[in-house]
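Down below is the structure, laid out as structure tokens.
Everything quoted here is computed from the prediction, not taken from an experiment. Because only heavy atoms are used, hydrogens play no part in the values below, and waters and symmetry mates are left out as well, while side chains stay in.
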Amino acid sequence: MKAKAMSCGASMVVIMLLLFPTGAYAQFGDIFSAILSTITGPIGGALTDINEIRSSILKTEQQVLWPISLITQAQNYISTIKASYRAWMNQVYRLPVNSANLQMPKSLESAFLSGQTGQIGSFSQRYTSTYGVQPATGAAPQLNLEMMDIEDAVAKDATVQSMAADQATATMLQTAQRIEDEAQTTAPGTADMVAAEARTAELASLAMQHKLLAYQLREAAIELGHRGSILKQSTTNTQNLNQQILNHLGGAQ
């Protein structure tokens, strides 16, 4: 800015010399000298002071508010972590775990390991083809039919939930990697924004975990209900058998 101001002042002097005769220069010489001295003196000194203050502020920011050495150290640490673990962890996530051999079980397993909610539409048919069709009314005691029905429903629901959770987990992993990349290149002063984004992703992950935990509790409750139904049925059968025995003994007398 100092150089720019001096250039502007010099331009004005040249223009005045060209516009006015040589004799007029003596008349305005004092004015030109005053202008030049003002540009090179108070204004130039003020600009120098401003630049020194700005340099001091920048130095303070780099040493106290956003220390460059620590930021570089953190960025290098993130780069090391990414280079050491990201590729390895991605391989772990993609490890094949399927083990079914027959056609229908393989088809069912492929669906619930796909991690794609688009497979849910055909999942029920694959489940029925693998585990069999619900017996018709009257083909078995009503209590047995009801237990088979609810247990099929719980098994389907749980598997569908796991498929949706797998897809959400894949999205969450992509989000985590993106936040990690942003942390590596984020500018000083924007770390709080990246941290807020990471906290939001963390809360979403916790919500998903709580949802799956709630479903595990429901499965446990259904299993307890199944055991209770078996005990109730066993008790009813025992009572009926005792009554038949008593009736038989009474008839024999």
Side-chain angles (χ1 to χ4, degrees), residues 78-181 198 200-234:
I78 294 173
S79 299
T80 302
I81 293 295
K82 288 172 56 178
S84 301
Y85 294 102
R86 178 174 290 190
W88 178 76
M89 290 302 298
N90 286 336
Q91 291 178 1
V92 172
Y93 295 138
R94 291 193 293 266
L95 284 176
V97 295
N98 56 303
S99 58
N101 296 313
L102 300 179
Q103 181 179 357
M104 290 314 303
K106 285 177 64 176
S107 177
L108 178 66
E109 185 183 41
S110 175
F112 66 66
L113 290 180
S114 66
Q116 299 293 328
T117 55
Q119 297 282 345
I120 293 176
S122 61
F123 176 78
S124 181
Q125 180 180 357
R126 298 182 186 184
Y127 179 92
T128 301
S129 300
T130 302
Y131 290 103
V133 181
Q134 172 78 10
T137 303
Q142 185 63 26
L143 181 60
N144 291 350
L145 292 175
E146 291 174 352
M147 285 194 298
M148 285 186 283
D149 187 34
I150 189 61
E151 288 176 358
D152 278 344
V154 171
K156 292 178 183 179
D157 294 344
T159 309
V160 167
Q161 288 278 0
S162 71
M163 294 166 65
D166 286 344
Q167 181 170 320
T169 300
T171 302
M172 204 51 82
L173 288 173
Q174 294 175 359
T175 301
Q177 292 184 356
R178 178 174 55 80
I179 293 175
E180 189 178 48
D181 293 338
T200 302
E202 180 183 4
L203 292 176
S205 178
L206 289 175
M208 183 175 63
Q209 292 178 19
H210 290 165
K211 185 175 182 180
L212 293 177
L213 178 60
Y215 207 92
Q216 288 180 345
L217 294 175
R218 287 196 292 270
E219 285 184 316
I222 291 296
E223 184 177 356
L224 291 175
H226 176 78
R227 293 179 182 178
S229 296
I230 293 176
L231 293 175
K232 293 171 187 176
Q233 188 178 39
S234 177

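Under the 3.5 Å distance criterion, the side-chain polar atoms of Ser107 are left unmatched by any main-chain donor or acceptor of Gln103. No donor-acceptor distance shorter than 3.5 angstrom exists from the side chain of Ser110 to the backbone of Lys106, with no hydrogens or angles considered. In this structure a side-chain-to-backbone donor-acceptor pair under 3.5 Å is present from Glu109 to Ser99. Side chain of Gln116 to backbone of Gln167: no donor-acceptor contact under 3.5 angstrom is found. In this structure, the side chain of Ser114 engages the main chain of Ala111 through a donor-acceptor pair within 3.5 Å. Using modelled atom types, no side-chain atom of Ser205 and backbone atom of Ala201 make a donor-acceptor pair closer than 3.5 Å. Within the 3.5 Å criterion, the main-chain N or O of Thr159 finds a donor-acceptor partner in the side chain of Ser162.
Heavy-atom minimum distance, Gln134 versus Leu145: NE2-O, 3.0 Å. When every heavy atom of Pro135 is checked against every heavy atom of Met148, the shortest pair comes out as CG-CE, 3.8 Å. What you find for Leu108 and Phe123 is that their closest heavy atoms are CD1-CE1, 3.2 Å.
Interatomic distance, CG of Leu95 versus CG of Asn98, reported as 11.0 Å (0.5 Å rounding). Put simply, CD on Gln161 and NZ on Lys211 are 5.0 Å apart, with the number rounded to the nearest 0.5 Å. Note that CD of Gln209 is 9.5 Å distant from CE of Met172, once rounded to the nearest 0.5 Å. Between atom CG of residue Leu213 and atom CZ of residue Arg218 there is a gap of 10.0 Å, rounded to the nearest 0.5 Å. Between atom CD1 of residue Ile230 and atom CG of residue Leu143 there is a gap of 9.0 Å, rounded to the nearest 0.5 Å. Note that OG of Ser229 and CE of Met147 are 5.5 Å apart. Values are rounded to the nearest 0.5 Å.
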Apply side chain to side chain contact (heavy atoms under 4.5 Å, CB included) to the pair Met163 and Thr117, showing each step before the final yes or no. CA-CA 6 Å; Met163 294 166 65; Thr117 55; 5.7 Å; no
Do Met89 and Leu173 pass the side chain to side chain contact (heavy atoms under 4.5 Å, CB included) test, and can you show the C-alpha distance, the side-chain angles, and the key distance before you say yes or no? CA-CA 10 Å; Met89 290 302 298; Leu173 288 173; over 6 Å; no
Set out, in order, the CA-CA distance, both residues' side-chain angles and the distance that settles side chain to side chain contact (heavy atoms under 4.5 Å, CB included) for Asn90 and Gln177, then state yes or no. CA-CA 11 Å; Asn90 286 336; Gln177 292 184 356; 3.1 Å; yes
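For the pair His226/Ile150, no side-chain contact is recorded, criterion being any heavy-atom separation below 4.5 Å from C-beta on. Counting only heavy atoms from C-beta outward, the side chains of Met208 and Thr169 approach each other to under 4.5 Å.
Salt-bridge check for Asp181 with Lys82: passed, with a basic side-chain N closer than 4.0 Å to an acidic carboxylate O.
No option in Tyr127, Tyr131, Phe112 other than Tyr127 meets the side chain to side chain contact (heavy atoms under 4.5 Å, CB included) test with Lys156.
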